[in-house]
Amino acid sequence: MRKEVNFVSHYDFKTIEPKWQKRWEEQKLYKTYEDDKKPKYYCLEMFPYPSGKLHMGHVRNYSIGDVIARFKRMRGYNVLHPMGWDAFGLPAENAAIKHGIHPAKWTWENIANMRKQLKQLGISYDWDREIATCHPGYYKWTQWFFLKLYERGLAYRKKSFVNWCPSCATVLANEQVVDGRCERCGAEVSKKNLEQWFFKITEYADELLEDLKKLPGWPEKVKVMQENWIGRSEGVEVYFTAEKTGKRIPVFTTRPDTIFGVSYLVMAPEHPMVDELVAGTPHEKKVKEFQRKMEKLNEITRTSTETEKEGVFTGAYAINPVNNEKVPIWIANYVLLDYGTGAVMGVPAHDQRDFEFAKKYGLPIKVVINPQQGELRSESMTQAYVEEGILVNSGMFDGMNSKEAIKAIASFMEEKGFGKRTVNYKLRDWLISRQRYWGAPIPIIYCDKCGIVPVPEDQLPVMLPHNVEFNPKGTSPLLECEEFLNTTCPECGGPARRETDTMDTFMCSSWYFYRFTDPRNEEKPFDEEKLRYWMPVDQYIGGVEHAILHLMYSRFFNKVMRDAGLVHVDEPFTNLLTQGMVLKDGAKMSKSLGNIVSPEEIIEKYGADTARLFILFASPPEKDLEWSDQGVEGCHRFLQRVWRLVEELLPRMQDPAADEKVDREVRRLVHKTIKKVTDDIEERFNFNTAISAIMEMVNGLNSYKERPVSGKVIKEALESLLLLLAPFAPHITEELWERMGYQKSIHLMSWPEADREAMADDEVEIVIQVNGKLRGKLMMPADVTEEEMKEAALKHEKVLSLIEGKNVVKVITVPKKLVNIVVK
RNA sequence: GCGGGCGUGGCGGAACUGGCAGACGCGACGGACUUAGGAUCCGUUGGGUUUCCCGUGGAGGUUCAAAUCCUCUCGCCCGCACCA
């Protein structure tokens, strides 16, 4: 009899999805304005590099963001959810060299394609705020920010040994070198002595470290990574004296309590003082040889823990200021020039590295710290004693414990001028010059008369010239572009040259989240009021690969702009969600492995709603996700079931009041689901369990199809179902919403509220245990008392047989849940 | 070596403050409808010697009760790594 009624339409996603995408766009459904009547919510996903096509990682990233944005909107927030393009960068230039396409054309075409794909996914962006970092209207302000840094003395030029990627033909920041290789292309990075532009990120090292504490909404992992990268360590710079030249040799130590145990000094092979110490001595030849050998080694092998310590004696000596002892000066591979002072004191008894070195070269081992119990003897030591302890052989400091001694000796040295307390960081200044064309030109002019001259603000942007020659060697075409190169000095008006290097693209992405608050402003990078309304970003979502790079640069940038009075927040991103990777067959999708699943195909075959639903259902967002074609089909089937369920039940929305008990059951299911889905999204971003709860609801409603349910209750159930599903599957829910008879978009509706009363159970299931083991279950009224539970449990058939002839020691009850009878 | 995370059916994963282990989905098996089923619907599905016993990487412990807490241990992933 139902059969004829069951005639329903087919879930035709291929018609539905474009239909709604078009309507949303026409109606500007997701356009955002400042509105003081609503709490604001800034939901941001890391903008992509326009490589040409979306990959599954993007789909995951933007699906997560869209659920959050749509959910928050329905919860009454004024949500800013923008998208843009991190559009400068090398691939565009490589395409130019390889295929003869201009980087601009290549980039804009890719953007057009990816924008189309994002729209096909139905992500709720305010497209009127779209930005691209390669647009002069954007990079004008990137250059403006460079000038701000320059004015504040935070941008400077310096000659130093920098990382050079031969394949990318440009220098790189330290953060972009991973295991001695280029983070982008994997080529081995070498060192070049070049004059380059840097940002003084080290000036903010302490605050960048300290303010991590202000970020409880960030994953611990990311904070730890930044902490490691900043690498703060407190200690003392001790001034040794070179016996031969009388010059000061500062060394950095975190253990001044071991200063009396110094038996030698080690300098980095490249230390500038080495040459003068060995000049004209019999040691000169060997030292030079060693230096040459070190030069040839790449940094990874040179600094690996596995590499054996190696060094040579310079023939020179240094004087230890605290006891005037004369100690030999060595150079060795394990001392790095660019950390601390490039020289260290060797305390073999209390430092494992020094111990190994001293053993190898027969240098004396002198114990100056003893453990709380017992006494160390240098002859019998097999490793260094690096823990704290009690000082010995340390003159007036004997008997102190390490903690006291560290303070006392540091103060003593400061008093006597033997040294001073210092803080050292592993963090280096950010090298931002790139010898590439496709980037924002550094707004600097070099004049023979006036020197380095910043381009005046009113002359911004320094435009990238369009007509340039790309040469296959990969050198920047700007070097040969006369019309760009030649200019006049803004100060003296004489002939001058432009800086030909462009800026690291991480500079462009360090402020884009400001620009979204006021993307078309031509007078300023942003309007302060608008920025004040929207910033900080409430929820930032992206891959963990930017844990240090982009996320630390942006934090630095934000602090500078705050100090410049442009921004009011200490930290730009309040909450950070780092999504897991999308895997196929247990490995990251990659061309070389041939395990790529393209979003295009999935959308074509199943539609965007299915793609989104699967990617959110398969795994919680921060975990890796294993792609499964069958899983996708399962999600598609679920959406078909939703379609059928709604279509079948639509005609019954006018049904008269029916069985009150059944109504109550249906309403209980609906409201329990509302509660669960709300909590899962709001508190934990556990979209997978939220979706499974919706699936359970659909299964449940299906089972009520044959039963008498009031029309009112059916209507409430269907409405709730669609509202709960709307953030995940925006198209099908919108279509069904319309079919329910609503004119106004489901995405402008309020999120449903769980009704406590409707949720309340009539009956509860009581679990009965004997000695902690499950022995039975009982249905009891919801207002059952613990006493009643206990009584019923003790009368339970199964229980009686089990406790017969035994002693009931104790009965434990958990209200409305469980009775545990303990017998002996 | 240090730091962070993880380990649960055939698979992806649930189980929030200790209280029914395995929700939901996939797969598999059985059935219905059917010319057909790779569509759809219904049912079953941790293992076993099946009134019961065993099961959350392993071994102990705390507890009436442990995937969850503690100790040790094994394995995997990620980050840092001669940083003085």
Side-chain angles (χ1 to χ4, degrees), chain A residues 3 6 178-179 219-229 231-233 235 251-255 258 266 300 302-309 332-336 338-347 351-354 356-357 424-427 544 547-548 580-581 583 613-614 617-620 622-635 637-638 640-641 644 676 679-680 683-684 686 688-699 702-703 765-777 798 801-802 809-814 817-823:
Chain A
K3 228 139 255 144
N6 273 1
V178 180
D179 289 332
E220 202 52 38
K221 179 175 148 172
V222 173
K223 289 190 277 189
V224 168
M225 282 167 77
Q226 293 208 359
E227 212 175 295
N228 286 341
W229 190 260
R232 182 181 199 273
S233 74
V251 304
F252 177 73
T253 179
T254 55
R255 291 294 299 273
T258 65
V266 200
I300 337 142
R302 155 93 192 266
T303 61
S304 158
T305 338
E306 263 104 84
T307 311
E308 204 185 324
K309 284 155 196 51
N333 58 347
Y334 75 97
V335 177
L336 309 169
D338 62 355
Y339 182 77
T341 61
V344 302
M345 57 190 215
V347 188
D351 183 290
Q352 188 55 29
R353 296 155 301 183
D354 298 346
E356 285 164 31
F357 193 74
N424 250 301
Y425 300 93
K426 283 195 255 180
L427 180 71
V544 76
I548 294 170
M581 287 187 295
L583 311 176
L613 196 71
F614 168 72
F617 175 64
S619 184
E622 64 281 1
K623 285 202 10 188
D624 286 350
L625 178 151
E626 176 67 28
W627 186 266
S628 152
D629 291 330
Q630 280 111 353
V632 178
E633 278 177 42
C635 286
R637 275 200 291 270
F638 167 69
Q640 286 174 327
R641 276 206 304 280
R644 267 199 311 275
K676 166 103 178 112
D679 290 351
D680 280 354
E683 281 164 30
R684 326 189 281 165
N686 278 8
N688 55 333
T689 51
I691 293 166
S692 77
I694 301 174
M695 287 174 170
E696 283 178 86
M697 178 177 171
V698 169
N699 294 344
N702 261 319
S703 69
E765 192 183 55
I766 306 298
V767 170
I768 296 167
Q769 297 181 335
V770 176
N771 285 344
K773 283 186 177 131
L774 176 71
R775 295 299 148 158
K777 289 171 185 182
K798 193 65 150 287
S801 72
L802 277 160
V809 184
K810 213 197 259 182
V811 179
I812 285 138
T813 52
V814 179
K817 251 190 194 159
L818 168 144
V819 182
N820 187 12
I821 299 157
V822 187
V823 292

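Just so it is clear: chains get the letters A, B, ... in the order the sequence lines come, proteins before strands, and each one is counted from 1.
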For U62(B), the nucleotide meeting Watson-Crick or G-U wobble distances (both under 3.5 Å) is none

For Lys426(A), report the nucleic acid contact type (base, sugar-phosphate, nothing); a contact means any heavy atom under 4.0 Å.
base

Output the rounded distance in Å from CG (Leu774(A)) to P (A66(B)).
13 Å

Looking only at side-chain atoms of Met225(A), point me to the closest of A39(B), C20(B), G79(B).
G79(B)

Just call it for Val347(A): base, sugar-phosphate, or nothing, with non-hydrogen atoms closer than 4.0 Å on any strand.
nothing

Just call it for Val224(A): base, sugar-phosphate, or nothing, with non-hydrogen atoms closer than 4.0 Å on any strand.
sugar-phosphate

Touch class at under 4.0 angstrom, heavy-atom based, for Val344(A) against every strand present:
base

Under 4.0 Å between any heavy atoms, over every strand shown, what does Gln352(A) touch: base, sugar-phosphate, or nothing? Just pick one.
nothing

In the strands shown, is C6(B) matched to any nucleotide by a Watson-Crick or G-U wobble pair with both distances under 3.5 Å, and which?
G75(B)

Counting Watson-Crick and G-U wobble pairs only, both distances under 3.5 Å, name the nucleotide matched with G1(B), or none.
C80(B)

Name the nucleic acid region contacted by Thr307(A), choosing base, sugar-phosphate or nothing; use a 4.0 angstrom heavy-atom cut-off, strictly under.
base

Base partner of G55(B), which must satisfy Watson-Crick or wobble distances under 3.5 Å:
none

Name the nucleic acid region contacted by Asn699(A), choosing base, sugar-phosphate or nothing; use a 4.0 angstrom heavy-atom cut-off, strictly under.
sugar-phosphate

I'd like to know if Gln630(A) reaches the base of C11(B) with its side chain such that a donor and an acceptor end up less than 3.5 angstrom apart.
no

Under 4.0 Å, counting only non-hydrogen atoms across every strand here, what does Asn820(A) touch: a base, just sugar-phosphate, or nothing?
base

Base-pairing mate for A23(B) - Watson-Crick or G-U, with both contacts under 3.5 Å
none

Could you check whether Asp624(A) gets within reach of a base, just the sugar-phosphate, or nothing at all, counting any heavy atom under 4.0 Å?
sugar-phosphate

Donor-acceptor pair (no angle test) under 3.5 Å: Lys810(A) side chain, C64(B) base:
no

Identify whether any heavy atom of Glu356(A) sits under 4.0 Å from a base atom; if not, whether one sits that close to sugar-phosphate; answer base, sugar-phosphate or nothing.
nothing

Categorize Arg775(A) for me: base, sugar-phosphate, or nothing, with a 4.0 angstrom heavy-atom threshold over every strand shown.
sugar-phosphate

Taking only the C1' atom of each, what is the distance from C16(B) to G48(B) in whole angstrom?
33 Å

Quick one: label Pro620(A) by what it contacts on the DNA or RNA (base, sugar-phosphate, nothing), any heavy atom closer than 4.0 Å.
sugar-phosphate

When both distances are under 3.5 Å in a Watson-Crick or G-U wobble arrangement, the nucleotide paired with A28(B) is U44(B)

Would you kindly check whether a donor in the side chain of Asn228(A) faces an acceptor in the base of C80(B), or vice versa, at under 3.5 angstrom?
no

Any heavy-atom pair between the side chains of Arg641(A) and Asn702(A) that's under 4.5 Å?
yes

Any base atoms under 4.0 Å from Glu220(A), or only sugar-phosphate, or nothing? Heavy atoms, all strands.
nothing

Touch class at under 4.0 angstrom, heavy-atom based, for Gly634(A) against every strand present
sugar-phosphate

